[in-house]
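Counting from 1, the numbers follow the sequence of the chain as shown. Heavy atoms only: backbone and side chains are in, while hydrogens, waters and symmetry mates are out. In listed order, ligands and their atoms are each counted from 1. Everything quoted here is computed from the prediction, not taken from an experiment.
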Amino acid sequence: MPKLSDRVESFTDSVIRRMTRISDEYGAINLSQGFPDFDPPKELLDALAKAAYAGPHQYSITFGAQNLREALAGKISKTLGRAVDPDTELCVTCGSTEAMMAAMMTICNPGDKVMVFSPFYENYGADAILSGAEPIYIPLVPPEYGFDLQLIENGFRQGAKAIILCNPSNPCGKVFTREELTAIGALALQYDAFVVTDEVYEHMVYAPNVHTAMASLPGMFDHTLTCNSLSKTFSITGWRLGYVCGPAWAIEGAKKVHDFLTVGAAAPLQEAAVAGLGLPETYYEELLKTYTQKRNYFLEGLDRIGLKHNVPQGTYFVMLDIEAFLELPRFSGFTDLEFCEWMIKSIGVAAVPGSSFFREPVNHLIRLHFARQQSTLEEALRRLEKMAAMLTSVQ
Ligand code: GLN
């Protein structure tokens with residue numbers, strides 16, 4: 001048989017998305033891959049129905065339909081406190097997944113070093129391999145997920161071209177403070193490097209935490225490629241709409257990469273998404289209220305049934321500590337992946353093994369998400385309660 005590339009041999013499929021397939025196979029409640037089980041706002045659905053007949057059905061401009069870019073630029077300009085040019089500083093992509101890949105391919109030569117926090121959203125590992133970059137991992141240390149700035153300075157000293165920053169952070173829910181971002185940004189400026197951000201959970205930041213966009217800090221717009229999407233903000237993960245925003249000279253490169261990777265995002269969906277960006281500010285407030293309620297309900301539920309977890313400052317993810325289970329004879333020698341497979345089959349709840357996010361050998365954490373309707377979360381907690389009972393019944 002002819003040989004495949006070394007590239008594809010060097011990483012596995014996404015464990016997050018694999019867990020969804022296993023969950024579907026066993027009919028479990030899927031709290032693994034993060035996506036909502038509720039509908040997008042009606043305004044988007046109406047606009048989508050309209051686009052079905054009125055079009056567009058042919059390619060949009062490769063870097064995004066004019067009206068979508070203008071609407072996005074309006075929203076981003078408010079976030080950054082700076083006018084963003086929809087023609088030169090923005091490129092619409094197929095989800096933030098493509099935005100990140102395009103950003104990495106725009107700035108990295110094979111062999112370039114790039115800093116990645118650990119735990120990290122698993123795509124970044126594959127992004128590094130596909131773009132030829134060599135990751136330098138910077139630990140975010142549980143349970144607070146703090147980091148050592150000195151390690152970041154060391155990375156830049158070793159010539160790192162960029163640092164990838166997921167804020168709010170998947171999977172650990174960390175929201176980087178303005179001070180932390182300022183310190184990282186100052187190093188990027190000092191060493192003339194890039195910050196590539198993934199800010200898809202920008203609207204899921206729980207009080208008293210606040211979201212600060214790296215590109216909004218003084219001097220940082222020219223050093224930041226901001227990747228983001230409409231997936232989480234408008235509950236349209238399947239529409240695959242994202243964007244990368246940054247200085248014109250860098251976006252010019254990203255537009256070329258994007259053009260040859262995918263040509264463009266789906267035209268009728270871009271048209272329909274414009275309706276979402278036209279929603280008033282109260283939409284984002286309501287969204288946050290909804291997720292705050294879900295977070296509180298789910299975390300209180302976990303406390304009540306006695307499952308140990310972190311308290312996410314942002315995102316819709318929570319890390320569960322399964323150490324106590326792994327100490328039971330029943331799970332002796334289990335990996336976190338095996339535990340998650342057992343959970344799907346025996347408990348009926350799907351989670352993602354923490355090891356798929358950590359560079360370090362971590363086996364005692366699993367990730368759940370709470371982007372689910374109230375009734376689904378109630379049922380998930382009922383099932384998890386049965387699991388929690390194992391901890392008390394065997395003693
Ligand atoms: N960001 C989501 C997660 O971590 C999933 C995104 C995806 O699968 N493309 O679960």
*If you measure from each heavy atom of Tyr201 to ligand 1, is any distance below 4.0 Å?*
yes
Side-chain donor-acceptor distances from residues 183-198 under 3.5 Å, at least two apart:
residue : atom : partner : partner atom : Å
Tyr191  : OH   : Glu153  : OE2          : 2.7
Thr197  : OG1  : Glu199  : OE2          : 2.6
Asp198  : OD1  : Val200  : N            : 3.4
Asp198  : OD2  : Tyr124  : OH           : 2.6

*At a non-hydrogen distance cut-off of under 4.0 Å, which region of Asn170 contacts ligand 1 (side chain, backbone, both, or neither)?*
side chain
*Under 4.0 angstrom from ligand 1, any heavy atom of Lys232?*
yes
*Please answer whether the main-chain N or O of Phe358 pairs with a side-chain N or O of Ser118 as donor and acceptor at a distance below 3.5 Å.*
no
*Report the part of Phe35 (side chain from C-beta onward, or backbone N, CA, C, O) that has a heavy atom under 4.0 Å from ligand 1; answer both or neither where that applies.*
neither
*Starting from atom 6 (C) of ligand 1, locate the nearest protein heavy atom and write down its residue, its atom name and how far away it is, to 0.1 Å.*
Tyr121 OH, 3.1 Å
*Check: Ile16 main-chain N/O paired with Ser14 side-chain donor or acceptor under 3.5 Å*: yes
*Report the member of His369, Arg367, Gln33, Arg17 with the shortest heavy-atom distance to atom 3 (C) of ligand 1.*
Arg367
*Ignoring angles and geometry beyond distance, decide whether Ile16 reaches within less than 3.5 Å of ligand 1 through its nitrogen or oxygen atoms.*
no
*With a 3.5 Å cut-off and no angle check, do the side chains of Asn154 and Gln158 form a donor-acceptor pair?*
no
*Is Phe317 near ligand 1, meaning one of its heavy atoms is under 4.0 Å from it?*
yes
*N/O donor-acceptor pair under 3.5 Å between Glu89 side chain and Asp85 backbone*: yes
_Checking ring-ring contact (aromatic ring centres under 6.0 Å, His included) between Phe117 and each of Tyr137, Tyr145, Phe357, Phe176, which is the one that passes?_
Phe176
